[in-house]
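Data first, discussion second: the structure below is written as structure tokens.
Positions are given from 1 along the sequence.
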Amino acid sequence: MGMGFLIGNTTSSSIIFLLTGVPGLEAFHIWISIPFCFLYITALSGNSLILFVIVTQPSLHEPMYYFLSMLSTTDLGLSISTLVTMLGIFWFNARKISFNACLSQMFFIKLFTVMESSVLLAMAFDRFVAISHPLKYATILTDSRIAQIGVAIVIRGTLMLTPMVALLKRLSYCRSLVLHHSYCFHPDVMKLSCTDTKINNAVGLTAMISTVGVDSILILLSYVLIIKTVLSIASPEERKKAFSTCISHIGAVGIFYIPLISLSFVHRFGKQAPPYVHTMIANTYLLIPPVMNPIIYSVKTKQIRRAVIKILHSKDI
């Protein structure tokens with residue numbers, strides 16, 4: 001059906017891409033949409049609840065929770081970025097997306113991914129200061145410093161990713177216009193170009209290495225320093241207490257980086273896997289952090305759990 005969309009060199013603004021649902025399982029799209037709907041509802045309600053709890057409970061107006069509210073905001077952004085096109089395909093077979101809409105979606109997916117990685121780094125720094133320099137904690141992480149970190153995270157993501165997305169406009173597209181995901185994915189769009197994409201590849205790789213790559217190394221470094229401090233604490237009770245404040249964050253780091261790395265491996269080495277395997281992994285990889293983060297923080301963080309229960313009880317749910 002889509003393979004008939006071969007075109008000559010066209011101006012980018014008039015291009016219409018076709019997104020793909022789950023290849024080979026089109027007949028089951030309505031059924032496949034049920035778990036995805038459930039995941040979206042969980043992600044949107046879970047993160048909204050955490051934001052609401054942090055904003056309304058004065059006891060949670062502390063650096064650790066301010067960073068958690070940034071994480072929830074980023075997760076909401078990530079969920080909303082893919083929701084429209086994914087459910088549009090599953091429910092209405094709405095596959096068409098204009099070139100500019102595609103670039104916007106790609107920009108926001110990448111931006112929220114990079115912001116999530118930056119927020120996780122800020123949270124690692126927060127835990128490092130809390131455990132290694134507890135007496136200076138309040139003077140280092142003031143409200144204005146946290147606000148500055150928040151603004152820096154948005155600016156950094158925008159500056160890093162704008163060239164990557166803007167450079168797609170200089171390419172001409174003369175192959176089939178069928179994309180292989182249910183949202184616009186940078187490598188996917190590049191593959192459809194008949195122009196040389198070396199510069200695009202280099203810029204894309206540089207953007208990801210200098211954001212997600214650097215962040216992951218710095219998060220690892222923070223934990224090396226945190227473990228060093230924790231091991232130097234004399235009493236086992238204090239050690240356990242210090243380390244338990246990091247558990248939720250370690251969980252959040254794991255569920256962000258493991259799917260990201262798995263997806264890269266599947267792209268590189270999973271050429272033999274049926275197409276729907278790639279699609280399912282790609283669709284769920286963007287949903288795992290927004291779905292799991294509120295659950296991890298509610299289960300593992302006593303203050304959040306108490307506040308959530310308090311709010312739910314006050315509404316008599």
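Formation of a donor-acceptor pair under 3.5 Å by the Ser216 side chain with backbone atoms of Gly213 is found in this model. In this structure, the side chain of Ser132 does not engage the main chain of Val129 through any donor-acceptor pair within 3.5 Å. Using a distance-only test at 3.5 Å, with no hydrogens or angles considered, no donor-acceptor pair links the side chain of Ser298 to the main chain of Arg305. Side chain of Gln105 to backbone of Cys184: a donor-acceptor contact under 3.5 angstrom is found. Between the side chain of Ser72 and the main chain of Ser69, no donor-acceptor pair closer than 3.5 Å is present. Formation of a donor-acceptor pair under 3.5 Å by the Asp75 side chain with backbone atoms of Asn47 is not found in this model.
Counted by atom type alone, Thr82 and Tyr40 present one or more donor-acceptor pairs between their side chains at under 3.5 Å. His249 and Tyr223 share a donor-acceptor pair across their side chains, judged by distance under 3.5 Å alone. Tyr66 and Asp126 are not linked by any side-chain donor-acceptor pair at a separation below 3.5 angstrom, with hydrogens and angles left out of the test. The closest side-chain donor-acceptor pair between Arg127 and Thr245 falls under 3.5 angstrom.
Put simply, CZ on Phe36 and CG on Leu87 are 9.0 Å apart, with the number rounded to the nearest 0.5 Å. Here CD of Glu238 is found 11.5 Å from CD1 of Ile131. Values are rounded to the nearest 0.5 Å. The line from OG1 of Thr211 to CE of Met115 is 12.5 Å long, rounded to the nearest 0.5 Å. Separation of atoms OG1 (Thr85) and CD1 (Ile97) is listed at 6.0 Å; rounding is to 0.5 Å. Note that CE of Met86 and NE2 of His181 are 9.5 Å apart. Values are rounded to the nearest 0.5 Å. His29 NE2 to Ile34 CD1: the interatomic distance, rounded to the nearest 0.5 Å, is 13.0 Å.
Between Phe99 and Tyr173, the distance from one ring center to the other falls under 6.0 angstrom.
By the neighbour-count criterion of 12 heavy atoms within 6.0 Å, atom CZ of Phe108 is sparsely surrounded, having that number or fewer from other residues, nucleotides or ligands. Within 6.0 Å of CD1 on Ile295 lie more than 12 heavy atoms contributed by other residues, nucleotides or ligands.
Closest non-hydrogen pair, Glu116 versus Pro289, comes out as OE2-CB, 3.5 Å. Closest approach of Ser81 to Ile109, counting heavy atoms only: CB-CG1, 3.7 Å. Residues Leu103 and Val165 share a closest heavy-atom pair of O-CG1, 3.7 Å.
Taking the six-membered ring where the residue is Trp, Phe185 and Tyr183 present perpendicular rings, their angle passing 60° and hence far from 30°.
Considering only heavy atoms from C-beta on, Ile304 comes within 4.5 Å of Leu60 through its side chain.
Residues satisfying the ring pair (Phe, Tyr, Trp, His ring centres under 6.0 Å) criterion with His133, sequence neighbours excluded, are Phe128.
A salt bridge links Arg156 to Asp215: one of the charged nitrogens lies within less than 4.0 Å of a carboxylate oxygen.
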